[in-house]
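Okay, so here's the structure we're looking at.
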Amino acid sequence: MIIRKRRKRTIKWDFILRICMICGVVILATFLIPRERSKIYRYQIGEITRSTIIAPYDFDILKPEEVIEQEKKETLKQVPFVFNYNEEAEINVTQDVEQFFQMTIALKQRYLSLKKSREERNLYRYNVERYQELNKQVRADSTAFYQLIIQFKKDYNIDMDSDLYRNLYDPEKGFLPDLEDLKNQFLRYTSQYMNKGIVDIPLNEIISNQIAISKVGEEIYRNRDDIYDRDKAISALSQNIKLGNYELNYEKKQMLFQLSRLFIRPNLVYDKERTQIRQEDAISRIPIVQGKVLKNEKIVDANTRVTPEIYQKLYSLNVAESKRNQSAFGLRYLMSFIGDLIIMALLYMIFVLYIFNFCKEIYTNKKNIFLIIINQILVIGFGYLLSTLNYALFIAVPVTLLTIIVAIFYDEKTAIFSTIPIVLMLSYIFGNPFYFTVVHILPVLVASISVKRMRSREQIFQPLIWIFLSYLLGLIAIELVSFDSFAELSKGILFAFINTIGSVLAAYGLVNIFERLLNITTDMTLLELTDLNKPLLKELAMKAPGTFNHSVMVGTIVDTTAEAIGANNLLARVGAYYHDIGKIPKASYFAENQRDENRLEKLKPHMAAKVVINHVRTGIELAERYKLPKIVIDFIPMHHGTSTVKYFYDKALKSSEDPSEVKESDFKYPGPKPNTKETALVMIAEACEAAIKALNKPTEEDIKNRVDYIIKTRMEEDQLSECPLTFHDITVIRDSLIRQFVSMYHHRPEYPGQQKGEAT
């Protein structure tokens with residue numbers, strides 16, 4: 001009783017989830033409907049008006065966007081960037097210069113001392129006692145020298161022992177400047193640049209003509225050209241230092257340039273927040289209005305060319321209309337929303353009624369309905385995005401993307417009934433139902449038909465030209481009714497082409513994603529599994545050749561029969577190929593792979609039955625290891641259902657002293673029973689193929705008897721009770737199997753001179 005209650009609750013929650021998904025599409029579409037209900041004038045400059053337009057109320061004429069943008073740029077040039085003066089920066093730079101050159105002077109002294117001690121040591125190299133004494137001095141001088149080298153590396157990240165910097169202390173390098181004079185030059189120039197100001201951002205980021213320097217409670221204004229950023233100051237400093245010394249080669253100029261980088265620091269810190277506040281304030285004071293249109297004033301006559309001035313008035317009227325409608329809340333807004341909700345629900349009911357009455361397998365399966373709804377939401381969302389950018393982009397809405405994906409996973413009828421409501425809903429969102437529907441309805445129908453019975457991923461690209469031609473036909477029809485210009489027609493054709501290419505490419509990618517994400521198998525995946533070079537089928541062919549031939553034969557038989565009863569012939573063929581893969585590990589125990597003796601006969605009946613039954617469990621494990629789709633794995637247990645291994649069960653009864661101790665359940669396959677037409681068909685066909693192959697020169701009557709016996713036995717054992725086969729289907733299956741087996745096992749005539757049994 002408790003179990004039943006839990007089951008009912010689960011079904012109830014599944015039902016609620018499906019209803020929520022359906023309602024979610026309707027509610028989302030309703031929210032995406034623009035609240036504007038007034039007439040929007042979509043004329044472009046140079047077009048001819050079709051009617052006289054009168055101002056319904058007073059409204060301001062807005063400046064063109066490009067004019068406003070230009071005024072913003074000019075205004076921002078007049079708002080000085082704000083910088084805070086850092087008083088400590090110059091003091092720190094002076095201290096760093098002093099410290100660096102003090103260390104350089106010390107390094108020079110230690111280098112000369114090391115050089116002198118080395119020379120003295122060489123003079124006494126033949127006096128052991130004096131040499132050892134001077135060698136200690138060399139080591140001490142060397143240690144002191146290299147300790148200072150390390151200190152330079154630590155403090156300034158420069159290698160004073162490199163060729164670039166040895167010019168400062170090594171006379172042998174040919175350039176040994178007066179360090180005190182060089183220091184004074186650095187101090188003089190750094191002080192000069194910092195007095196003018198060095199900013200902490202690149203100069204090209206300062207768009208104002210002047211900058212404001214906040215210093216001791218007041219602001220000082222300077223031209224941008226009179227200040228420095230760090231790169232400009234470094235370049236100027238190194239250039240001035242070079243000009244202040246005698247002729248230098250490239251390496252020595254590089255040394256001075258690198259030293260210049262050590263001593264330049266910004267002393268003007270950019271105050272971004274204060275600058276942006278001033279910029280926003282200045283921009284807010286820019287007038288965006290350039291005039292006014294009064295109520296009942298004529299904006300433009302009919303059959304008049306739209307000039308830039310007229311266009312701006314119409315644009316301003318559209319903006320005013322949008323603002324008036326967006327601000328209309330309260331009862332009017334609520335009534336409008338409820339009305340839109342009912343309209344969207346009525347349109348979407350086309351899809352709901354179809355799946356509820358004609359495709360219950362989609363309605364009852366969460367994965368199936370989720371797949372369709374998520375694609376519907378994607379198309380609606382993308383359509384709304386395009387509507388916010390430009391209403392003329394309605395041609396680019398990828399409604400055929402939804403059609404292609406649903407047609408690939410299900411069928412063309414489901415694809416049509418899934419897409420048509422979305423087309424109607426989007427046409428309402430765009431506000432031009434007639435044009436939107438006319439343009440998109442034919443491509444949807446063509447797309448659903450074009451992908452019918454798609455059997456390879458490359459076939460997704462085949463509908464390209466037909467979908468594009470359908471769009472082209474709709475566009476031409478609309479243009480013939482209300483011709484605007486060849487430019488507009490060309491633009492529409494371009495959008496249609498982009499839509500077609502984008503929809504097909506997106507469908508190609510999304511099919512792969514949804515297959516893996518939702519574990520739904522398409523005919524394209526099934527067709528790939530029919531490749532006999534697949535690793536699992538190759539292993540079956542090598543280790544169990546008899547089983548492989550049996551599986552291929554059954555696959556060929558069920559292919560034709562499945563189509564006759566309205567089943568998926570491709571799925572049936574794939575299921576037949578893989579239904580016996582569990583025989584691979586113990587192939588020699590099965591009759592079709594044996595040549596002489598039957599190894600099962602040497603086993604006790606219980607053990608022999610266990611070996612036979614275990615091929616189902618082993619097959620499922622192999623299929624899962626090779627990641628076969630679930631609908632294919634189902635063929636492995638279902639092709640035997642819960643039937644009994646009759647031969648060994650009867651043998652066990654005969655050999656047992658007490659037949660009552662023999663349990664039939666020990667000789668039954670684990671099931672489940674076939675639950676689809678395809679699995680039931682494979683169950684019947686593979687049993688018939690094995691039984692008829694065991695006959696020696698079967699006649700047509702023998703074949704009919706065997707097929708009738710197999711079908712009758714499966715029905716009496718209740719193995720077909722859970723599959724949707726009708727008596728008519730079973731009759732069709734019987735006739736098709738008999739016809740195929742008779743053609744396969746017909747007797748060949750013996751020709752004169754041919755020995756009996758000799759192959760022709």
Can you tell me how far the [atom1] atom of [X] sits from the [atom2] atom of [Y], to the nearest 0.5 Å?
{"X": "Y508", "Y": "I513", "atom1": "OH", "atom2": "CD1", "answer": "12.0 Å"}
{"X": "Q290", "Y": "S316", "atom1": "CD", "atom2": "OG", "answer": "7.5 Å"}
{"X": "N122", "Y": "L134", "atom1": "CG", "atom2": "CG", "answer": "9.5 Å"}
{"X": "I227", "Y": "Y193", "atom1": "CD1", "atom2": "OH", "answer": "15.0 Å"}
{"X": "D226", "Y": "I211", "atom1": "CG", "atom2": "CD1", "answer": "9.5 Å"}
{"X": "Q210", "Y": "R222", "atom1": "CD", "atom2": "CZ", "answer": "11.5 Å"}

Examine distances only and state if a side-chain atom of [X] and a backbone atom of [Y] form a donor-acceptor pair shorter than 3.5 Å.
{"X": "N86", "Y": "E88", "result": "yes"}
{"X": "Q376", "Y": "L402", "result": "no"}
{"X": "N195", "Y": "S191", "result": "yes"}
{"X": "K367", "Y": "L518", "result": "yes"}
{"X": "S113", "Y": "Q109", "result": "no"}
{"X": "T275", "Y": "D271", "result": "yes"}

Please say which of D200, D96, N92 ends up in a side chain to side chain donor-acceptor pair (under 3.5 Å) with R265. D96

Contact summary for [X] and [Y], nearest pair of heavy atoms:
{"X": "L203", "Y": "K232", "result": "CD1-CD, 3.7 Å"}
{"X": "F409", "Y": "V511", "result": "CZ-O, 3.8 Å"}
{"X": "S503", "Y": "P398", "result": "OG-CB, 3.2 Å"}
{"X": "S117", "Y": "L114", "result": "OG-O, 2.9 Å"}
{"X": "A233", "Y": "I264", "result": "CB-CG2, 3.9 Å"}
{"X": "P535", "Y": "Y626", "result": "CB-CE2, 4.0 Å"}

With a sphere of 6.0 Å drawn around [atom1] of [X], does it hold more than 12 non-hydrogen atoms of other residues, nucleotides or ligands?
{"X": "E205", "atom1": "CD", "result": "yes"}
{"X": "Y315", "atom1": "OH", "result": "no"}
{"X": "F382", "atom1": "CZ", "result": "no"}
{"X": "K543", "atom1": "NZ", "result": "no"}
{"X": "E129", "atom1": "CD", "result": "no"}

Is a salt bridge present between [X] and [Y], judged by a nitrogen-to-oxygen distance below 4.0 Å?
{"X": "K116", "Y": "E119", "value": "no"}
{"X": "R166", "Y": "D161", "value": "yes"}
{"X": "K63", "Y": "E71", "value": "yes"}

Tell me, do [X] and [Y] make a side-chain contact under 4.5 Å, heavy atoms counted?
{"X": "Q78", "Y": "T75", "result": "no"}
{"X": "K77", "Y": "I207", "result": "no"}
{"X": "L628", "Y": "L536", "result": "yes"}
{"X": "L268", "Y": "F81", "result": "no"}
{"X": "P266", "Y": "I201", "result": "no"}
{"X": "Q99", "Y": "M103", "result": "yes"}
{"X": "F145", "Y": "Y169", "result": "yes"}
{"X": "K72", "Y": "I286", "result": "yes"}

Applying salt bridge (Lys or Arg N to Asp or Glu O under 4.0 Å), run through R278 and E219 and close with a yes or a no. CA-CA 14 Å; R278 295 182 182 186; E219 287 190 354; 2.6 Å; yes

Go through the steps for R274 and N84 under the test side-chain contact (heavy atoms from CB on, under 4.5 Å), then give the verdict. CA-CA 10 Å; R274 288 171 64 191; N84 296 317; 3.4 Å; yes

Worked check of ring pair (Phe, Tyr, Trp, His ring centres under 6.0 Å) between Y471 and F497: CA-CA 8 Å; Y471 273 118; F497 180 75; over 10 Å; no

Is there a side-chain hydrogen bond (donor to acceptor under 3.5 Å, both in side chains) between N267 and Y85? Walk through the geometry before answering. CA-CA 6 Å; N267 62 340; Y85 178 70; 4.5 Å; no

Checking side-chain contact (heavy atoms from CB on, under 4.5 Å) against T500, which of L464, L505, T400 comes through?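 For T500, the side-chain contact (heavy atoms from CB on, under 4.5 Å) check succeeds only for L464.
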
